[in-house]
Asks: 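One structure coming up, written as structure tokens, with questions to follow.
Here is how names work: the chains are called A, B, and so on, in the same order as the sequence lines, proteins then strands, and each is numbered from 1.
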Amino acid sequence: MCRAKGSPMRGTRVKDVLSSPSSGGEALVHGWIRTARHSKGFSFVEINDGSTIHNLQAVCDASLPNYESAIKHLGTGASVQVAGKVVDSPGKGQKFELQASSVHVYGMAPDYPLQKKGHTMEFLRTIAHLRPRSNTFGSVLRVRHLMAKAVHDFFSREGFYYLQTPIITASDCEGAGAMFRVTTLPAGQPPRDEMGKVDFTQDFFGKEAHLTVSGQLAAETAALALSRVYTFGPTFRAENSNTTRHLAEFWMVEPELAFADLVDDMDLAERFLRSIFRVVLEEGADDMAFFAERIDKTAVQTLQHVVENDFVRMTYTEAVDILQKSGKTFEFPVQWGVDLQSEHERYLTEEHVKRPVILTNYPKEIKAFYMRLNDDERTVAAMDVLVPRIGEIIGGSQREERLDVLERRLREMGLPIEDYQWYLDTRRFGTAPHAGFGLGFERTIQFATGLGNIRDCIAFPRTPGSAEF
RNA sequence: UCCUCGGUAGCUCAAUGGCAGAGCGGGCGGCUGUUAACCGCUAGGUUGUAGGUUCGAGUCCUACCCGGGGAGCCA
């Protein structure tokens with residue numbers, strides 16, 4: 001059947017029907033049945049189309065022509081089109097319902113694996129192709145969208161330009177962990193050089209290539225031209241990490257701003273997080289209420305608390321002091337110079353300050369080469385935003401803009417300076433103080449929703465040993 | 001990668017070394033306003049895999065596979 005150009009999208013979204021100002025209108029809705037209750041003379045069929053967590057209850061009378069042949073047999077998972085009148089519901093639990101005048105069944109769902117009862121998140125992961133139809137995952141996907149939109153809105157408002165950095169990188173200078181190789185060489189018998197090593201000059205890019213672990217270095221080059229840029233894209237880590245907080249493929253937001261120092265960076269990070277959480281609370285209220293009801297009772301109040309209160313800022317040195325004087329016995333003792341363990345971060349955020357905390361000025365030995373060396377020559381202008389339960393969701397720094405210091409730091413850390421010439425050029429030609437940070441997008445979703453496992457914060461999670469679907 | 005817990009029906013889980021079960025879901029029937037509807041009937045199993053101990057193994061032992069949680073690493 002061919003429709004005229006410019007004719008309206010078929011039907012009304014469930015969300016719009018449920019938020020109608022009044023009953024009385026006609027509506028045509030499409031969706032999937034979440035639950036059906038059949039009585040002798042009629043059926044209640046609850047329809048969800050993903051536009052909201054809520055279902056629209058359609059009342060289907062036995063006088064409908066396909067009642068005996070189809071409607072009576074409808075169960076969870078079936079897809080339908082229902083036309084009817086929007087009426088005030090005499091029952092409890094919903095304001096409006098749809099008095100069906102016609103029901104078209106697109107597809108039945110025999111042996112549908114999703115039940116109307118609760119499923120474990122572990123089981124839902126095994127049917128990742130169907131879990132968008134679950135309440136929890138529908139809410140995750142809607143909140144994820146809201147947050148992505150909020151990211152772009154925030155930076156656009158703040159004068160940042162959205163930059164797309166490469167996913168394939170042929171330089172090995174990103175140095176942020178194990179990388180996935182990208183190659184077209186035959187896996188079994190790759191060409192070898194005289195030394196017997198794989199000859200990457202014959203590979204697709206003429207050299208060894210990998211998937212990006214960060215867009216930061218590329219973002220710096222653009223920030224030193226457009227002043228304020230941000231990236232938002234997929235990022236890959238080949239670490240064998242099996243935790244509730246790690247993915248092999250995740251999304252990262254990386255703003256980079258010129259003529260800025262560490263305080264500007266922290267101010268931006270705090271403003272940014274509070275802004276996107278405010279959007280989730282306001283525009284995702286229904287989904288957040290669901291998370292509070294089913295996933296984490298404190299989900300909404302936690303976010304409100306974050307939105308309404310300033311983050312606590314302290315230096316690494318102060319944090320070490322607090323931990324040492326805490327009276328707590330940690331599995332790993334704290335001493336100045338070592339990186340903080342999970343238990344330390346959790347004590348700081350969950351017990352000591354009970355809200356997000358920004359730690360600054362870490363020892364240079366435990367941070368990356370590009371972070372600006374402080375005047376004490378022992379610490380760098382780094383900042384990590386730690387939140388309760390998750391730990392680090394943002395890592396950032398003021399960047400080292402002084403050419404001589406940057407070259408010295410590269411040498412100290414044993415990195416091949418010749419590979420960084422293009423990066424050093426940004427300091428040779430009109431260098432400028434600048435700063436930036438990276439936000440783990442899924443970790444942020446995990447924090448906002450209260451979900452226990454980051455694998456439930458992305459549609460198709462990739463983890464060691466698992467790339468299904 | 002290490003530590004730890006687990007794997008029984010489609011799902012969630014019971015079962016002292018001695019007949020493999022329940023609830024939900026599915027199917028069939030009943031019920032004129034349900035809300036994870038309710039009532040009755042019914043089908044549904046290579047107890048993760050491979051060995052071993054034992055008269056007898058879902059249960060004990062060994063190895064492996066898969067999953068959860070914690071740690072490391074990090075965002």
Side-chain angles (χ1 to χ4, degrees), chain A residues 34-46 54-63 72-73 75-77 87-94 97 99 108-127 130 134-135 175-178 213-216 234-254 269 294 330-332 339-346 366-368 384-387 390-396 437-447 452-458 463-466 468:
Chain A
R34 281 297 171 76
T35 174
R37 295 177 290 275
H38 306 285
S39 290
K40 185 178 179 71
F42 55 92
S43 296
F44 294 105
V45 173
E46 288 191 32
H54 301 296
N55 303 329
L56 175 63
Q57 173 168 285
V59 185
C60 307
D61 195 85
S63 62
K72 207 172 95 171
H73 306 285
T76 306
V87 299
D88 296 314
S89 178
K92 289 174 183 168
Q94 60 279 317
E97 63 187 22
Q99 188 65 49
M108 299 294 279
D111 301 317
Y112 188 60
L114 279 167
Q115 300 176 15
K116 48 190 152 187
K117 290 190 70 169
H119 285 296
T120 61
M121 298 306 284
E122 293 80 39
F123 172 69
L124 290 176
R125 259 170 245 150
T126 68
I127 50 166
L130 294 174
S134 66
N135 283 332
V213 293
S214 164
Q216 181 198 316
T235 309
F236 307 87
R237 301 281 165 87
E239 307 282 356
N240 189 14
S241 300
N242 294 286
T243 79
T244 54
R245 306 180 301 283
H246 287 87
L247 292 166
E249 177 182 292
F250 64 100
W251 285 64
M252 191 152 64
V253 179
E254 295 179 285
R294 294 295 179 88
F330 295 110
E331 187 183 348
F332 297 92
D339 213 352
L340 299 182
Q341 307 290 317
S342 291
E343 56 177 343
H344 307 141
E345 295 181 351
R346 295 189 70 143
I366 59 174
K367 288 293 181 183
D384 284 359
V385 179
L386 312 179
V387 296
I390 311 289
E392 182 181 350
I393 61 170
I394 281 179
F437 63 79
L439 167 97
F441 192 56
E442 286 77 14
R443 282 189 184 176
T444 310
I445 294 168
Q446 195 184 352
F447 176 70
N453 195 313
I454 200 167
R455 292 163 207 180
D456 305 318
C457 297
I458 188 168
T463 53
S466 177
E468 295 300 307

Asks: Between B:A75, B:C73, B:C28, which nucleotide gets closest to the side-chain atoms of A:Arg443?
Replies: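 Nearest listed nucleotide: B:A75.
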Asks: So, A:Phe250 and B:A75: ring centres less than 5.5 Å apart, planes less than 30° off, yes or no?
Replies: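 Aromatic stack with B:A75 present for A:Phe250.
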Asks: Between A:Glu345 (side chain only) and A:Leu386 (backbone N and O only), is there a donor and an acceptor less than 3.5 Å apart?
Replies: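 No; judged by distance alone, with no hydrogens or angles, the pair does not exist.
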Asks: Please pick, from B:G68, B:A37, B:G33, the nucleotide with the shortest atom-to-atom distance to any side-chain atom of A:Thr35.
Replies: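 Selected nucleotide (nearest to the side chain): B:A37.
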Asks: Any side-chain N or O of A:Lys116 under 4.0 Å from OP1/OP2 of B:U35?
Replies: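 No, A:Lys116 has no side-chain N/O under 4.0 Å of OP1/OP2 on B:U35.
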Asks: Return the value, rounded to whole Å, for the distance between atom NZ of A:Lys72 and atom P of B:G30.
Replies: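 So the NZ-P distance, A:Lys72 to B:G30, works out to 7 Å.
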Asks: I'd like the P distance from B:U35 over to B:G29, given in whole Å.
Replies: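 These two P atoms come out 22 Å apart once rounded.
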Asks: With a 3.5 Å cut-off and just heavy-atom distances, do the side chain of A:His119 and the base of B:C11 make a donor-acceptor pair?
Replies: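 By the distance-only test, no, there is no pair.
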Asks: I'd like to check the ring-ring contact (aromatic ring centres under 6.0 Å, His included) partners of A:His38; sequence neighbours left out, ordered by chain and number.
Replies: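 In terms of ring-ring contact (aromatic ring centres under 6.0 Å, His included), with neighbours along the sequence ignored, A:His38 is linked to no residue.
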Asks: Would you say the side-chain atoms of A:Glu249 pair up with the backbone N or O of A:Phe236, donor to acceptor, closer than 3.5 Å?
Replies: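 No; judged by distance alone, with no hydrogens or angles, the pair does not exist.
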Asks: Looking only at N and O atoms, is any donor in the side chain of A:Glu239 or the base of B:U1 less than 3.5 Å from an acceptor on the other one?
Replies: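 Answer is no: no donor-acceptor pair is held.
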Asks: Give me the stems containing RNA chain B, sorted by first residue, counting only three or more consecutive Watson-Crick or G-U pairs with both distances under 3.5 Å; say none if there aren't any.
Replies: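 Paired runs of 3+ in RNA chain B: B:1-7 with B:65-71, B:10-13 with B:21-24, B:26-30 with B:38-42, B:48-52 with B:60-64.
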Asks: Would A:Arg37 and A:Glu46 pass as an ion pair if we require N to O under 4.0 Å?
Replies: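 Salt bridge flag = yes for A:Glu46 with A:Arg37.
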Asks: Between B:A75, B:U34, B:G72, spot the one nearest the side chain of A:Ser241, thanks.
Replies: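 When the side chain of A:Ser241 is considered, B:G72 is the closest of B:A75, B:U34, B:G72.
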Asks: Return the nearest nucleotide to the side chain of A:Gln94; candidates are B:A71, B:U35, B:A75.
Replies: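 Closest nucleotide among those given: B:U35.
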Asks: When the distance from CZ of A:Phe44 to P of B:U32 is rounded to whole Å, what number comes out?
Replies: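 It is 12 Å, rounded to the nearest whole Å.
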Asks: Under 4.0 Å between a side-chain N/O of A:Gln115 and OP1 or OP2 of B:U12, yes or no?
Replies: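 Negative; the distance criterion is not met.
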Asks: Could you tell me whether the phosphate oxygens of B:G68, OP1 or OP2, come under 4.0 Å of any side-chain nitrogen or oxygen in A:Arg455?
Replies: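 Yes, because at least one side-chain N or O of A:Arg455 sits under 4.0 Å from OP1 or OP2 of B:G68.
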Asks: Can you tell me the distance, in whole Å, between the CD atom of A:Glu254 and the P atom of B:A75?
Replies: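 The distance from CD of A:Glu254 to P of B:A75 comes to 9 Å, rounded to the nearest Å.
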Asks: Quick check on B:G69: is either OP1 or OP2 less than 4.0 Å from any side-chain nitrogen or oxygen of A:Asn453?
Replies: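 Yes, because at least one side-chain N or O of A:Asn453 sits under 4.0 Å from OP1 or OP2 of B:G69.
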Asks: Any side-chain N or O of A:Arg37 below 4.0 angstrom from OP1/OP2 of B:U34?
Replies: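 No, outside the criterion.
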Asks: Could you tell me how far apart A:Leu439 (CG) and B:C74 (P) are, to the nearest whole angstrom?
Replies: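 Roughly 18 Å, once rounded to whole Å.
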Asks: Going by the angle between their ring planes, with limits at 30° and 60°, are A:His119 and A:Phe123 parallel, tilted or perpendicular?
Replies: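 Taking A:Phe123 first and then A:His119, their aromatic rings sit tilted (interplane angle of 30° to 60°).
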Asks: Checking side-chain contact (heavy atoms from CB on, under 4.5 Å) for the pair A:Asn135/A:Arg34: CA distance, chi angles, key distance, verdict?
Replies: CA-CA 9 Å; A:Asn135 283 332; A:Arg34 281 297 171 76; 2.6 Å; yes
Asks: Under 4.0 Å from OP1 or OP2 of B:G30: is there any side-chain N or O of A:Ser39 that close?
Replies: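 False: A:Ser39 side-chain N/O out of range (4.0 Å or more) of B:G30 OP1/OP2.
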Asks: Of the nucleotides B:C73, B:U35, B:C11, which has the atom closest to the A:Arg245 side chain?
Replies: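 Selected nucleotide (nearest to the side chain): B:C73.
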Asks: Which of these nucleotides, B:G33, B:U12, B:A75, is closest to any side-chain atom of A:Phe123?
Replies: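 Output: B:U12.
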Asks: Tell me whether the OP1 or OP2 atom of B:U12 has a side-chain N or O from A:Thr120 closer than 4.0 Å.
Replies: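 A:Thr120 to B:U12 OP1/OP2: side-chain N or O found under 4.0 Å.
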Asks: Is any side-chain N or O of A:His38 under 3.5 Å from a base N or O of B:C31, one able to act as donor and the other as acceptor?
Replies: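 By the distance-only test, no, there is no pair.
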Asks: Can you find a donor-acceptor N/O pair under 3.5 angstrom joining the side chain of A:Glu97 to the base of B:G33?
Replies: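 Looking at the base of B:G33, it does pair with a donor or acceptor on the side chain of A:Glu97 (distance under 3.5 Å).
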Asks: Which listed nucleotide (B:U32, B:G68, B:U35) is nearest to the side chain of A:Glu46?
Replies: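 Closest of the options to the side chain of A:Glu46: B:U35.
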Asks: Are OP1 or OP2 of B:A71 and a side-chain N or O of A:Thr243 less than 4.0 angstrom apart?
Replies: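 No, outside the criterion.
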Asks: Among the nucleotides B:U1, B:G72, B:A75, which one has an atom lying closest to any side-chain atom of A:Glu392?
Replies: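 That would be B:A75.
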